[in-house]
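Within every chain, numbering begins at 1; the chains are lettered A, B, ... in the order of the sequence lines, protein sequences first and strands thereafter.
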Amino acid sequence: MRALLLRDLRLALRAGGGFGLGLAFFLIVTVLVPFSVGPNSDLLAVIAPGILWLAALLACLLSLDRILALDWEDGSLDLLATSPLPMEAAVAIKALAHWLTTGLPLVAAAPVLGVLLNLPAPGYLWLVISLAAGTPALSVIGTFGAALTVGLKRGGLLLSLLVLPLYVPTLIFGAEVARRGAEGMAVSTPLLLLAGITLGAAALLPFASAAALRVNLR
Amino acid sequence: MNHMSIWKYANPKLFLQTSERVLPALWGLAFACLAIGLVWGFFLTPDAERFQSTVKIIYLHVPSALMAINAWIMMLVASVIWIVRRHHVSALAARAAAPVGAVMTLIALVTGAIWGQPMWGTWWAWDPRLTSFLILFLFYLGYIALWEAIDNPDTAADLTGVLCLVGSVFALLSRYAVNFWNQGLHQGASLSLDEKENVHDVFYFPLLVCIAGFVLLFIALVLYRTGTEIRARRIKALMARERAGA
């Protein structure tokens with residue numbers, strides 16, 4: 001399992017494009033927001049938590065098809081399927097690798113981009129906490145979507161259509177934590193619900209992803 | 001197997017024979033119910049005090065909203081049956097129900113908007129009920145798109161079945177998340193009307209007839225479309241066999 005994780009991390013770091021692109025996309029979307037809604041800093045302060053969450057979600061979405069597609073093309077997935085490692089574990093490790101290379105950098109970059117959007121001071125801590133608690137769910141759910149569409153030639157748009165509705169609860173609770181934090185309100189209820197979604201998805205969805213992957217490898 | 005068992009209809013031939021025998025009666029009953037219910041509702045009931053004549057749209061709105069949810073539940077049950085027992089008719093019935101459910105959701109959303117304009121002064125509000133129906137519509141779109149995208153019918157049935165299971169959990173989660181989210185925005189301000197409390201007997205009975213009509217229409221459409229799917233697959237198999245022979 002560790003070998004698989006290290007291999008995925010190394011590939012993401014060295015193969016180019018995977019690691020930096022998500023961050024760059026996050027930056028660009030955040031920069032485009034003031035152009036579309038105007039430079040009014042009061043307005044930006046209000047919408048900053050939601051915009052940052054949405055941008056992080058989209059950055060995560062963009063890199064989903066890389067989780068399995070490359071391994072599908074070169075046959076590594078078939079090797080994984082015949083290895084003694086259960087498919088569920090392999091899928092979970094792949095989701096973890098995706099989070100480490102995509103979600104974690106987004107969490108780290110979010111406060112810097114918060115400055116650009118005039119995020120109120122109390123919001124920074126909660127923005128980082130909510131993203132740290134919520135992005136793992138995005139990776140796990142996204143891996144499920146990738147497992148469903150891995151056999152398809154033009155799976156990219158379909159992947160978005162399948163995954164985005166599944167992201168709704170995570171986005172609602174995550175953005176709510178960040179928004180309440182920025183306004184200085186109590187955050188524990190949405191934060192606990194967000195953590196619940198992340199833990200529940202991480203515990204159960206690998207089984208669904210593995211089932212989908214087995215069907216696709218059949 | 002028990003002689004009266006429902007599983008015998010998993011045989012496509014028997015399913016086709018039986019559904020062909022039942023369908024004319026179903027169509028007839030469905031349209032009779034709809035005609036009676038809608039005419040009764042539209043022309044023979046008084047205007048409600050608070051809503052004036054706009055109340056009459058409930059004869060389309062409530063049944064379609066009901067069927068929008070029940071169609072998804074029917075797809076869920078059919079998907080589970082396919083995954084557990086591998087009956088092809090079941091998978092095809094789930095496929096056949098999806099577009100019907102999506103259209104029901106759309107009807108519910110559109111009639112809701114038409115009703116909302118005079119009542120609330122807006123076509124659309126991010127009320128929990130409206131929002132969760134919009135999300136349900138997105139789930140239908142994703143499900144249908146996945147069916148269309150995969151060539152191998154068994155792979156498609158398996159993957160859409162898994163999607164239906166996972167999607168049901170997330171649709172339910174979204175429903176509660178949306179409730180939470182809107183409460184967070186407007187404390188206690190609810191636009192949604194509680195039908196049960198507002199509906200008097202005068203409106204209730206024609207509404208029941210309309211609901212029966214929508215249920216029958218849904219069953220008829222699903223049986224009909226499932227039959228179409230079975231025949232389409234047979235044609236495909238025949239053509240493949242001919243090509244292999246030639």
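- Within 6.0 Å of CG in A/Leu157 there are 12 or fewer heavy atoms belonging to other residues, nucleotides or ligands.
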- Item | Residue pair A/Arg218, B/Asp154: steps toward the salt bridge (charged side-chain N to carboxylate O under 4.0 Å, His left out) verdict | CA-CA 11 Å; A/Arg218 195 164 53 196; B/Asp154 278 6; 5.7 Å; no

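- Around atom OH of B/Tyr224, no more than 12 heavy atoms belonging to other residues, nucleotides or ligands sit under 6.0 Å away.
- Residues of residues 159-168 of chain A having a heavy atom under 4.5 Å from any heavy atom of chain B, listed by number: A/Leu161, A/Leu162, A/Pro165, A/Leu166, A/Val168.
- The most heavy-atom pairs under 4.5 Å with chain A, out of B/Val162, B/Leu163, B/Leu159, B/Leu138, come from B/Leu159.
- Chain A forms more heavy-atom pairs under 4.5 Å with one residue of B/Leu146, B/Leu173, B/Asn152, B/Ile135 than with any other, namely B/Leu146.
- Atom CG in A/Leu148 sits 11.0 Å away from atom CG in B/Asp158 (nearest 0.5 Å).
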Can you give me every donor-acceptor pair (side chain of residues 33-56 of chain A, partner residue at least two apart or in another chain, under 3.5 Å) with its distance?
residue: A/Ser36; atom: OG; partner: A/Val33; partner atom: O; Å: 2.9
residue: A/Asn40; atom: OD1; partner: A/Asp42; partner atom: N; Å: 3.0
residue: A/Trp53; atom: NE1; partner: A/Ser130; partner atom: OG; Å: 3.0
residue: A/Trp53; atom: NE1; partner: A/Gly174; partner atom: O; Å: 3.3

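- There is no contact between A/Leu171 and chain B, counting heavy-atom distances below 4.5 Å.
- In this structure, the side chains of B/Phe170 and A/Ile141 come closer than 4.5 Å at one or more pairs of heavy atoms.
- The candidate with the highest count of non-hydrogen atom pairs below 4.5 Å against chain B, out of A/Thr189, A/Leu152, A/Leu193, A/Ile197, is A/Leu152.
- In B/Asp151, the CG atom is not crowded: 12 or fewer heavy atoms of neighbouring residues, nucleotides or ligands sit closer than 6.0 Å.
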